[in-house]
Asker: 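Sharing a structure here in structure tokens format.
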Amino acid sequence: EAALSRRYVLCEVVSEDPRCRQCIEDRAVGLAVRDAIGRVHGDYGLACCSISFTVKYLNAYTGTVLLRCRKDFYRLLCSALPFVRQLESRNQRYPCALRTLHVGGTIRTCQKFLIQYNRRQLLMLLQNCTNEEERRCIQKSLLSCSLTEEQPQSGNEEDDDGTE
């Protein structure tokens, strides 16, 4: 079982360039992370981190990325993430950074963290609203922050039994 121990690292892609969002794809993020690990930790670090390393989830719209790696080497991975400086797609380079939001033992704990994180972000936006319409939209978004929200849409409510 120790060989199967994994860590999930939840990150956010931060960029000043609005075009960066359109190039966020699994392959580009994976290559950028591997490149940073190689630069920071050399071939040994890259080999260690590459075992079971994968981009598990990616949302280009929100810039959310979930990386998976072996538990033994997640510190190597996390220490290299600040050195990601750009994403490359179709021979274009977009300057960006990866901000680590959470490290968890399961995808579910990362989902729960992300919901709380998004709630806090929405609450900060709510304080900066300039009119009632904005306020109503953000309050609606706040109410929809939950893990069970998507179940009725799938049509099969037995999908989510707490296992991964």
Side-chain angles (χ1 to χ4, degrees), residues 6-40 46 49-70 73-74 76-129 133-134 136-156 159-160 164:
R6 298 191 173 130
R7 284 294 170 262
Y8 295 89
V9 182
L10 186 66
C11 304
E12 179 178 41
V13 177
V14 182
S15 179
E16 300 286 311
D17 189 339
R19 296 170 305 160
C20 185
R21 286 265 194 261
Q22 65 200 25
C23 84
I24 300 175
E25 50 193 32
D26 295 30
R27 195 176 151 279
V29 172
L31 286 172
V33 170
R34 281 189 178 90
D35 177 63
I37 294 167
R39 280 184 285 126
V40 176
L46 184 57
C49 289
S50 291
I51 304 167
S52 109
F53 170 79
T54 187
V55 177
K56 281 300 279 182
Y57 171 79
L58 189 141
N59 184 328
Y61 182 70
T62 60
T64 305
V65 178
L66 186 66
L67 306 172
R68 183 191 77 194
C69 68
R70 289 260 306 270
F73 306 118
Y74 83 92
L76 280 177
L77 171 67
C78 289
S79 64
L81 292 178
F83 295 92
V84 172
R85 293 277 170 250
Q86 63 187 15
L87 288 179
E88 198 171 327
S89 179
R90 298 175 202 88
N91 296 325
Q92 289 283 326
R93 290 185 177 154
Y94 302 94
C96 69
L98 283 182
R99 181 184 332 170
T100 303
L101 300 176
H102 182 74
V103 177
T106 64
I107 292 175
R108 193 158 186 84
T109 59
C110 290
Q111 283 178 320
K112 287 178 180 176
F113 172 85
L114 189 57
I115 288 166
Q116 292 306 315
Y117 176 77
N118 287 338
R119 253 198 203 126
R120 287 194 301 273
Q121 299 295 97
L122 285 167
L123 283 169
M124 289 189 320
L125 284 174
L126 193 59
Q127 291 168 349
N128 299 328
C129 283
E133 182 57 32
E134 277 183 9
R136 264 197 299 278
C137 285
I138 292 173
Q139 284 172 335
K140 188 178 175 199
S141 295
L142 269 167
L143 291 172
S144 71
C145 288
S146 76
L147 270 178
T148 55
E149 184 64 27
E150 296 203 0
Q151 280 183 346
Q153 295 166 348
S154 70
N156 184 358
D159 281 354
D160 189 19
E164 288 184 20

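In this text, all values refer to a predicted model and were calculated from it rather than measured experimentally.
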Asker: In Å and rounded to the nearest 0.5 Å, what is the CZ to CD1 distance from Arg6 to Ile107?
Answerer: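 If we round to the nearest 0.5 Å, Arg6:CZ and Ile107:CD1 are 9.5 Å apart.
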Asker: Please find the pair of heavy atoms, one from Cys69 and one from Ser52, that lie closest to each other, and give the distance.
Answerer: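 Taking Cys69 first and Ser52 second, the nearest heavy atoms are C-OG, 3.8 Å.
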Asker: More than 12 non-hydrogen atoms from neighbouring residues, nucleotides or ligands closer than 6.0 Å to CZ on Arg27, yes or no?
Answerer: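 It does not: Arg27 CZ has 12 such atoms or fewer within range.
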Asker: Report yes if some heavy atom in the side chain of Val29 is under 4.5 Å from a heavy atom in the side chain of Leu87; otherwise report no.
Answerer: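 When only atoms from C-beta onward are counted, Leu87 and Val29 do touch, with a gap below 4.5 Å.
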Asker: Quick check: closest heavy atoms across Gly104 and Thr109, and the distance to 0.1 Å?
Answerer: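 Between these two residues, the closest heavy atoms are CA-OG1, 3.7 Å.
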Asker: Exactly one of Arg34, Arg68, Arg70 should register a side chain to side chain contact (heavy atoms under 4.5 Å, CB included) with Phe53. Which one does?
Answerer: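 Answer to the side chain to side chain contact (heavy atoms under 4.5 Å, CB included) test with Phe53 among Arg34, Arg68, Arg70: Arg34.
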Asker: Drop me the distance from Lys56's NZ to Leu66's CG, to the nearest 0.5 angstrom.
Answerer: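 Result: 8.5 Å between the selected atoms.
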Asker: Provide the closest heavy-atom pair for Cys20 versus Val13 in the form atom of the first, atom of the second, distance.
Answerer: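 Nearest pair, atom of Cys20 first, then Val13: SG-CG1, 4.3 Å.
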Asker: Please enumerate all residues that pass salt bridge (Lys or Arg N to Asp or Glu O under 4.0 Å) together with Arg85, with sequence neighbours excluded.
Answerer: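 Testing Arg85 for salt bridge (Lys or Arg N to Asp or Glu O under 4.0 Å), a comparison that skips the adjacent residues, returns none.
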Asker: Could you tell me the separation between the CG atom of Leu122 and the CG atom of Asn118, rounded to the nearest 0.5 Å?
Answerer: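 Nearest 0.5 Å value for the CG-CG distance: 6.5 Å.
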Asker: Can you tell me how far the CG atom of Leu67 sits from the OG1 atom of Thr100, to the nearest 0.5 Å?
Answerer: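 So the CG of Leu67 and the OG1 of Thr100 are separated by 8.5 Å.
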Asker: Does OH in Tyr57 sit with more than 12 non-hydrogen atoms of other residues, nucleotides or ligands closer than 6.0 Å?
Answerer: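 Result for OH/Tyr57: enclosed.
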Asker: Can you tell me how far the NZ atom of Lys112 sits from the CZ atom of Arg108, to the nearest 0.5 Å?
Answerer: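 Result: 5.0 Å between the selected atoms.
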Asker: Specify the closest pair of heavy atoms between Leu98 and Cys11, including all atoms of both residues, with the distance to one decimal.
Answerer: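 Where Leu98 meets Cys11 most closely, the heavy atoms are CD2-CB, 4.4 Å.
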Asker: If you take all heavy atoms of Val9 and Cys78, which pair is closest and at what distance?
Answerer: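 In this case the closest contact between Val9 and Cys78 is CG2-SG, 3.9 Å.
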Asker: Is a side-chain N or O of Arg93 found less than 3.5 angstrom from the main chain of Gln86, in a donor-acceptor match?
Answerer: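 Pair absent, no side-chain N/O of Arg93 close to backbone of Gln86.
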Asker: Looking only at non-hydrogen atoms, find the nearest pair between Ala36 and Ala80 and report the distance.
Answerer: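 Taking every non-hydrogen atom into account, CB-O, 3.6 Å.
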Asker: Kindly determine whether Leu77 and Ile37 satisfy side-chain contact (heavy atoms from CB on, under 4.5 Å), including the steps that lead there.
Answerer: CA-CA 7 Å; Leu77 171 67; Ile37 294 167; 3.7 Å; yes
Asker: Heavy-atom distance under 4.5 Å between the side chains of Tyr8 and Leu10, does that happen here?
Answerer: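 Not in contact.
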Asker: Can you tell me how far CG of Leu125 sits from CZ of Arg120, rounded to the nearest 0.5 angstrom?
Answerer: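 The distance works out to 13.5 Å.
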Asker: If you apply the rule side-chain contact (heavy atoms from CB on, under 4.5 Å), what do you find for Tyr117 with Glu12, and how did you get there?
Answerer: CA-CA 11 Å; Tyr117 176 77; Glu12 179 178 41; 3.2 Å; yes
Asker: Go through the structure and list residues passing salt bridge (Lys or Arg N to Asp or Glu O under 4.0 Å) with Glu16, not counting sequence neighbours.
Answerer: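 Not a single residue meets the salt bridge (Lys or Arg N to Asp or Glu O under 4.0 Å) criterion with Glu16.
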